[in-house]
Amino acid sequence: MLRLHDTATGAVRPLELRSPGKVSVYVCGVTVSDVPHVGHGRFSLVWDVVRRYLEWSGLEVRYVSNITDVDDKIIARAEREGREPAEVAEEYERAWYETMDRLGVRRPDDDPHATAYVDRMVELVGELVERGVAYETDDGVYLSVADVPGYGLLARQDLDSLRAGARIEVDDAKRSPLDFAVWKKAKPGEPSWPSPWGEGRPGWHTECVVMSLDLLGEGFELHGGGLDLAFPHHENERAQAVALGKRFAEHWVHNGLVVVAGGEKMGKSLGNTADLASLLRSHDPRAYRLLVLRSHYRSPIVVTETEIADAAAALRRLDTVFRRAAEIGLAAAAPDAEVVERFRGHMDNDLNTPPAMGLLFEQVRRANTLLDSEDDDSAATVLGTIGVLASAVGLAVGQEEVEAPDEAALAVARQRDGARAAGDWGAADAARDELVRLGYVVEDGPTGTSLRRR
RNA sequence: GGCGACGUGGCCGAGUGGUUCAGGCAAGGGCCUGCAAAGCCCUCUACCCGGGUUCGAUUCCCGGCGUCGCCUCCA
């Protein structure tokens, strides 16, 4: 069984299942107020890998990830651009999924939208007020963190030290600076919903509690998100569940952040985000997945053109071995069970993908060696192993998109083969130069000149 | 100030109390090739600093130094 680091305990421990063979995962999604940035790509890939690996391990996975479609940034943007907030949210949700598709990130089984759950959130806030753990002020309803046992679990700090470090502005209406809004009263012109506390909208931390409990039920197995969400977002989600006496997530997993060259994290607040879609325009999106897999999911990573290009070069080895096999009509066979088990050992150990990828590339070399020595049966087995490992982490291989060379190029290639057969190396090399100029990689294969787009 | 993470070879990045210390990229040499490419083989450069524990530490402990994260919206 997969063992994962749990932020609540600070230890790596097995994922425990409510019912055998089934696992529910809730991953905090995005606020659709802008185009996705490179950091979003990392987190999406990490969780896509978790999901695929769980399925690969034979579990039935229910994967839920929300879309926050009402919040201050969306409202601010709508105002700036003279549009409706809903229109802004729809535009960036589209952009989000288009980019995720490019990355090969599968869509969630459910993607609850905050605006569709406002009624349930109003109910929840009402219950909190009834229980006396939330209170109304001029601008909203706040949860009193002092009334929540164990507040600070995910921050791994107690209430006093959290309070000592609080940087938020002092608001006299709040009982503690750490108290957070579960309901925000509307200012004129803002999107709003009716509630016992007047027109307003739910606080951000409230949506995820309501939606995760509604879709996955109490005590769901795994709650994930970026490390920057551990506190206060996840802490506050948990606080609400605890305040209501409900069982919440059993296991908390947080992925490391993308950092820029100096080591500083990439984030909206720092204004140093890089556009994800444009990165994917200039490189094979699978290279980003491989880059993510080559470091541990909790480590910070730098993602620039250089790193992506490095990963893309490694990826070519993976594609090449399948292309070599295809050229001789060799199909993958059943995998080497021993290697698959070693792979599983790495993955089960807190999703240790770097050595798992090491194993994958060792298999690539093995397959190449076997192909060199024309040991096709053994090569087919290793190829099968590579396919199984790659599919476990969502790395599409052996299905490289090959753009067929155009007629003119094929004609030149035939001329080259003719010249080579005749021993006319000058003509053969001139033909190769011409093909390179046309943008092809030229290789001599078992069937003569082989071409592929550079 | 509080809490936490990290510091490995030219770069990325695992890992381990001790004979052979993943994997990828890059570099050099070789094999293969008409020449290449691809592939394969070989080589190079490590464990931030100072103490300690130990027969032996990159790995454990203590202390430095450095980088980063969270304590505010952020994946």
Side-chain angles (χ1 to χ4, degrees), chain A residues 7 10 27-31 33-34 36-47 65 71-73 152 154-158 160-169 177-178 180 204 224-233 235 254-259 262-271 273 290-291 293-296 298-302 306-307 309-318 320-321 323-324 327 346 352-373 420 423-426 428-429 432 436 441-445 449-450:
Chain A
T7 308
V27 176
C28 276
V30 283
T31 300
S33 63
D34 206 342
H37 63 68
V38 169
H40 292 131
R42 202 261 177 114
F43 115 85
S44 303
L45 286 166
V46 164
W47 289 99
S65 191
D71 110 309
D72 292 350
K73 285 194 173 72
L154 295 173
R156 302 193 62 72
Q157 287 196 70
D158 61 29
D160 285 341
S161 57
L162 278 169
R163 192 179 285 130
R167 290 179 290 173
I168 44 188
E169 284 174 44
L178 296 168
F180 59 93
W204 177 44
L227 188 58
D228 52 356
L229 295 187
F231 190 94
H233 183 54
E235 187 78 54
H254 293 99
N255 61 272
L257 305 176
V258 170
V259 297
E264 184 183 66
K265 86 164 188 177
M266 178 177 288
K268 285 181 196 170
S269 56
L270 296 164
T273 57
L290 183 57
L291 180 63
L293 290 165
R294 289 197 319 186
S295 70
H296 187 83
R298 286 192 281 117
S299 303
I301 58 168
V302 176
T306 313
E307 284 74 24
D310 181 293
L315 190 61
R316 276 194 287 277
R317 283 173 60 73
L318 216 42
T320 299
V321 73
R323 198 173 53 242
R324 286 188 73 186
E327 277 167 6
H346 290 307
N352 201 358
T353 55
M357 291 301 101
L359 194 55
L360 179 70
F361 280 93
E362 279 172 17
Q363 302 311 305
V364 170
R365 190 172 56 233
R366 239 179 103 195
N368 275 316
T369 302
L370 292 165
L371 287 169
D372 282 348
S373 62
R420 291 189 68 222
D424 184 351
W425 309 126
D429 291 349
R432 178 164 57 199
V436 168
V441 174
V442 181
E443 291 176 0
D444 294 342
T449 298
S450 83

Counting distance only, does the side-chain N/O of [X] pair as donor-acceptor with the main-chain N or O of [Y] below 3.5 Å?
X	Y	result
A/Arg298	A/Leu227	no
A/Glu443	A/Ser450	no
A/Glu327	A/Gly445	no
A/Gln157	A/Gly152	no

Please work out if [X] contacts a base, only the sugar-phosphate, or nothing of the nucleic acid, heavy-atom cut-off 4.0 Å.
X	value
A/Val258	base
A/Pro232	sugar-phosphate
A/Ser44	nothing
A/Gly152	nothing
A/Leu162	sugar-phosphate

Round to a whole Å and report the spacing from [atom1] of [X] to [atom2] of [N].
X	N	atom1	atom2	answer
A/Asp71	B/A75	CG	P	9 Å
A/His346	B/A14	NE2	P	13 Å
A/Leu290	B/C25	CG	C1'	11 Å
A/Gln157	B/U72	CD	P	10 Å
A/Leu227	B/C70	CG	C1'	7 Å
A/Leu270	B/G69	CG	C1'	11 Å
A/Asn255	B/G69	CG	P	16 Å
A/Asp158	B/C71	CG	C1'	12 Å

Item to complete: Would you kindly compare A/Gly165 and A/Gly225 by the position of their nearest RNA chain B nucleotide and give the one closer to the 5′ end?
Response: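 Nearer the 5' end of the strand: A/Gly165.
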Practice prompt. Let me know, please, whether A/Ala164 or A/Leu229 comes out on the 5' side of the other along RNA chain B by nearest nucleotide.
Written response: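 Here A/Ala164 is the residue nearer the 5' end.
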Who does [N] pair with, Watson-Crick or G-U, both distances under 3.5 Å?
N	result
B/A46	none
B/C40	B/G30
B/G69	B/C3
B/C60	B/G52
B/G9	none

Fill in: salt bridge (charged side-chain N to carboxylate O under 4.0 Å, His left out) pairs, two or more places apart, involving residues 362-372 of chain A
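Sorted result for residues 362-372 of chain A: A/Arg324-A/Asp372, A/Asp336-A/Arg366.
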Span that lies between the [atom1] atom of [M] and that of [N], in whole angstrom:
N	M	atom1	answer
B/U8	B/A22	C1'	13 Å
B/G52	B/U20	P	28 Å
B/C47	B/C12	C1'	16 Å
B/C21	B/C42	P	13 Å
B/U19	B/C25	P	27 Å
B/G28	B/A14	P	28 Å
B/G64	B/G24	P	40 Å
B/U67	B/G29	P	40 Å

Fill in: Student check: side-chain heavy atoms of A/Asp429 and A/Arg432 closer than 4.5 Å
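Contact flag for A/Asp429/A/Arg432 side chains = yes.
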Detail all sub-3.5 Å separations between protein N/O atoms and N/O atoms belonging to nucleotides 4-11 of chain B.
none

Worksheet, complete the sentence: Reading nucleotides 33-40 of chain B from 5' to 3' and marking B where a protein heavy atom lies under 4.0 Å of the base, S where only the sugar-phosphate is that close, and - otherwise, the string is -BBBBSSS
Item to complete: Tell me, please, which residues at least two apart from A/Leu360 pass side-chain contact (heavy atoms from CB on, under 4.5 Å).
Response: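 For A/Leu360, the residues satisfying side-chain contact (heavy atoms from CB on, under 4.5 Å) (neighbours in sequence not counted) are A/Leu318, A/Met357, A/Ile386, A/Leu389, A/Leu395.
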Worksheet item: Side-chain donor or acceptor of A/Lys73 under 3.5 Å from a matching atom on the base of B/C73?
Response: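 Pair found.
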Worksheet item: If every non-hydrogen atom of A/Arg420 is compared with every non-hydrogen atom of A/Ala428, which pair is closest and at what distance?
Response: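 Of all heavy-atom pairs spanning A/Arg420 and A/Ala428, the closest is CG-CB, 3.5 Å.
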Practice prompt. Kindly write out the residues that satisfy ring pair (Phe, Tyr, Trp, His ring centres under 6.0 Å) with A/His254, not counting sequence neighbours, or none if the list is empty.
Written response: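 If we apply the ring pair (Phe, Tyr, Trp, His ring centres under 6.0 Å) test to A/His254, skipping adjacent residues, the hits are A/His234.
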Worksheet entry | Test ring pair (Phe, Tyr, Trp, His ring centres under 6.0 Å) applied to A/His37 - qualifying residues, sequence neighbours left out |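 Counting only residues at least two positions away or on another chain, A/His37 forms a ring pair (Phe, Tyr, Trp, His ring centres under 6.0 Å) with A/His40.
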Discussion item. If the cut-off is 4.0 Å, is A/Lys265 near the phosphate of B/C70, judged by side-chain N/O to OP1 or OP2?
Written reply: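 True: A/Lys265 side-chain N/O within range (under 4.0 Å) of B/C70 OP1/OP2.
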Discussion item. Side-chain N or O of A/Asn352 versus OP1/OP2 of B/G13: is the shortest distance under 4.0 Å?
Written reply: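 False: A/Asn352 side-chain N/O out of range (4.0 Å or more) of B/G13 OP1/OP2.
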Worksheet item: Considering only B/A22, B/C73, B/A75, which nucleotide approaches the side chain of A/Pro355 most closely?
Response: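 Minimum distance to the A/Pro355 side chain belongs to B/A22.
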Fill in: Check against side-chain contact (heavy atoms from CB on, under 4.5 Å), A/Met266 and A/Leu257
CA-CA 7 Å; A/Met266 178 177 288; A/Leu257 305 176; over 6 Å; no
Fill in: Short N-O contact, A/Asp34 and A/Lys268, less than 4.0 angstrom
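Salt bridge flag = no for A/Lys268 with A/Asp34.
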